[in-house]
Amino acid sequence: MAQKLIEVASFGQNQPIGVAVAPKTNRLFVSFPHTEPYLFGLTEIVNGRRVPFPDAEWNKVDTAATESHFVNVQDLYADHQNYLWVLDSSPAGGAAVIGDGKKKQGRFKLLKISLDDNKVQRIYTFDDLPKDKSALNDMVIDNSRQLAYLSDPGLHAIVVLDLQSGKSRVVLRDDRSTVVEPGLKLHLDGKDVVDNKGNPFVSNVNGIALTPDAKWFYFRAINQTKLYRIATEYLANITLTDADLSTKVQLVAETGICHGMIADSKGNIYLSDSPEHAIQYVTTDGKTHVLVKDGRLIWPDSFGIGNDGYLYVSASQMNRLPKYNHGENKVEYPYRVYKVQLPK
């Protein structure tokens, strides 16, 4: 029996992207890309309302002081040590998925914010990544190994960041598991997702998930149909080459088109299913199930799991934007975040 979708908060014309729920406190955080009408980049949802987080200053637009202000908050991750991790990612070209070459250098930073006092504790700046090609998209934190794993659709790779040294490694670049299936177009609401210049929406490795025991890292591109995983012990092993790592990648399931994903405490992997306006999940035996199907799930994007037994999800309606509809805005306002009960 598919569960019911419950509205948690609505945001007018501000498009929600990242979602995270703090495991200890159930505090809910939602991020917004820097598009007009811009209000805040990162918010905590308190009684259904947006409160700028960690404060109003970080959310002010300041192109001269980007090191202490958000540029384009892309993804959020709340860990079990009561930290909120914030990926502020503005790739060259300005789009998180595919650059158009207008901007020569991307801007990237990862913030570690303590939820005990809402203070920024550390900022990573990825100085060793090619800023003209990288497009950091999603991240998860492996506190057991002091590593962050990030998807980089621009580099067609996984980025492994050492949280102690701040140095990063690029792995599995152009692997079969990190690149798109050639010619595969997203077909949503009865039409291909193609922009006004005739370019189809394309993203290499994008959605990722880490099991709570930090043993398995799941990942996949949007423009292909397969879910892959690799044991984190291999990602952490700096002596392994890309060729070595490629042999350690496992095909988990055929899941269709998907954007965001997350793992629960039982090891189930939840995946968005935009063609079906649904959320599905893959159990540890590799079988795929439908959690919820609802017409309001238009491009379900990013997930958080609360300690209340609910999965939280943003519906970013990406395919309804004017750029994919000959200039016509087909977004159904207001934008919303929902929750749905996890399977028993």
Side-chain angles (χ1 to χ4, degrees), residues 5-20 28-43 45 48-50 52 59 61 70-76 89-91 93-100 137-138 153 185-203 206-207 222-223 256-260 271-279 292-304 311-340:
L5 199 64
I6 301 164
E7 184 177 323
V8 175
S10 66
F11 310 111
Q13 294 190 353
N14 297 115
Q15 181 190 41
I17 297 286
V19 172
L28 171 62
F29 301 91
V30 178
S31 69
F32 302 84
H34 194 139
T35 50
E36 295 304 325
Y38 180 76
L39 189 59
F40 306 117
L42 175 59
T43 62
I45 308 304
R49 297 188 173 275
R50 282 175 279 180
N59 284 274
V61 179
F70 293 130
V71 178
N72 187 69
V73 182
Q74 173 64 24
D75 193 38
L76 309 174
S89 174
S90 177
V97 181
I98 192 159
D100 60 12
N137 196 82
D138 283 8
K185 287 180 183 168
L186 268 59
H187 190 78
L188 308 178
D189 298 342
K191 64 193 280 284
D192 289 341
V193 183
V194 176
D195 73 13
N196 302 334
K197 294 175 183 163
N199 302 312
F201 178 98
V202 175
S203 176
N206 190 300
I222 290 181
N223 293 70
I257 299 295
C258 153
H259 314 295
L271 307 110
S272 59
D273 181 356
S274 49
E276 297 296 326
H277 299 279
I279 296 168
V292 63
K293 195 169 176 175
D294 191 299
R296 294 172 293 173
L297 287 170
I298 306 167
W299 198 292
D301 205 332
S302 191
F303 296 114
L311 175 79
Y312 292 73
V313 60
S314 60
S316 72
Q317 302 195 49
M318 202 74 77
N319 57 306
R320 299 289 183 90
L321 295 174
K323 73 180 283 190
Y324 296 115
N325 294 283
H326 305 291
E328 189 186 339
N329 188 356
K330 297 203 168 178
V331 172
E332 292 179 18
Y333 296 117
Y335 283 111
R336 295 178 173 95
V337 162
Y338 303 96
K339 68 178 181 179
V340 60

Could you walk me through whether Arg50 and Val30 pass the side chain to side chain contact (heavy atoms under 4.5 Å, CB included) check?
-> CA-CA 8 Å; Arg50 282 175 279 180; Val30 178; over 6 Å; no
Could you list the residues that satisfy side chain to side chain contact (heavy atoms under 4.5 Å, CB included) with [X], not counting sequence neighbours?
X	result
Ala20	Leu76, Ala78, Leu84
Lys191	Asn325
Pro33	Gln15, Ile17, Thr35, Asn72
Pro275	Leu188, Ile257, Asp273

Return the minimal non-hydrogen interatomic distance between [X] and [Y], and the atom names on each side.
X	Y	answer
Leu5	Val292	N-CG2, 4.2 Å
Val19	Gly304	CG1-N, 3.9 Å
Pro37	Gln13	CD-O, 3.8 Å
Tyr335	Pro16	CB-CD, 3.3 Å
Ala278	Pro300	O-CG, 3.8 Å
Gly12	Tyr333	O-CD2, 3.5 Å

Test your reading of the model: is there a side-chain donor-acceptor pair from [X] to the backbone of [Y], 3.5 Å cut-off?
X	Y	result
His277	Leu297	yes
Asn223	Ser203	yes
Asn196	His326	yes
Gln317	Glu332	yes

Using ring-ring contact (aromatic ring centres under 6.0 Å, His included) as the criterion, list what pairs up with His187, not counting sequence neighbours.
-> none
Sequence neighbours excluded, the answer for ring-ring contact (aromatic ring centres under 6.0 Å, His included) partners of Phe11 is Phe32
A side-chain contact here means heavy atoms from C-beta on lying under 4.5 Å apart; do [X] and [Y] qualify?
X	Y	answer
Val313	Val337	no
Phe70	Leu42	yes
Leu186	Val194	no
Ile6	Val340	no
Ser302	Asp75	yes
Leu311	Phe303	yes

Among all residues two or more places apart in sequence or in another chain, which pass the salt bridge (Lys or Arg N to Asp or Glu O under 4.0 Å) test with Asp294?
-> Arg296
Sorted by chain and residue number, the salt bridge (Lys or Arg N to Asp or Glu O under 4.0 Å) partners of Asp192 (sequence neighbours excluded) come out as none
Working to the nearest 0.5 angstrom, can you tell me the gap between [X] [atom1] and [Y] [atom2]?
X	Y	atom1	atom2	result
Phe40	Ser31	CZ	OG	14.0 Å
Leu271	Ile279	CG	CD1	10.0 Å
Lys323	Lys197	NZ	NZ	8.0 Å

[X]: which residues meet the side-chain hydrogen bond (donor to acceptor under 3.5 Å, both in side chains) condition with it, sequence neighbours left out?
X	value
Thr43	none
Asp301	Ser316
Tyr312	Asp308

Using 30° and 60° as the class limits, which term best fits the ring planes of Tyr38 and His34: parallel, tilted or perpendicular?
-> parallel
Name the orientation class of the two ring planes belonging to Trp299 and His259 (parallel below 30°, tilted from 30 to 60°, perpendicular beyond 60°).
-> parallel
Check ion pair Asp189-Arg320 (N to O, under 4.0 angstrom) | yes
Which residue pairs pass the salt bridge (charged side-chain N to carboxylate O under 4.0 Å, His left out) test with at least one member in residues 6-17, sequence neighbours excluded?
-> Glu7-Arg336
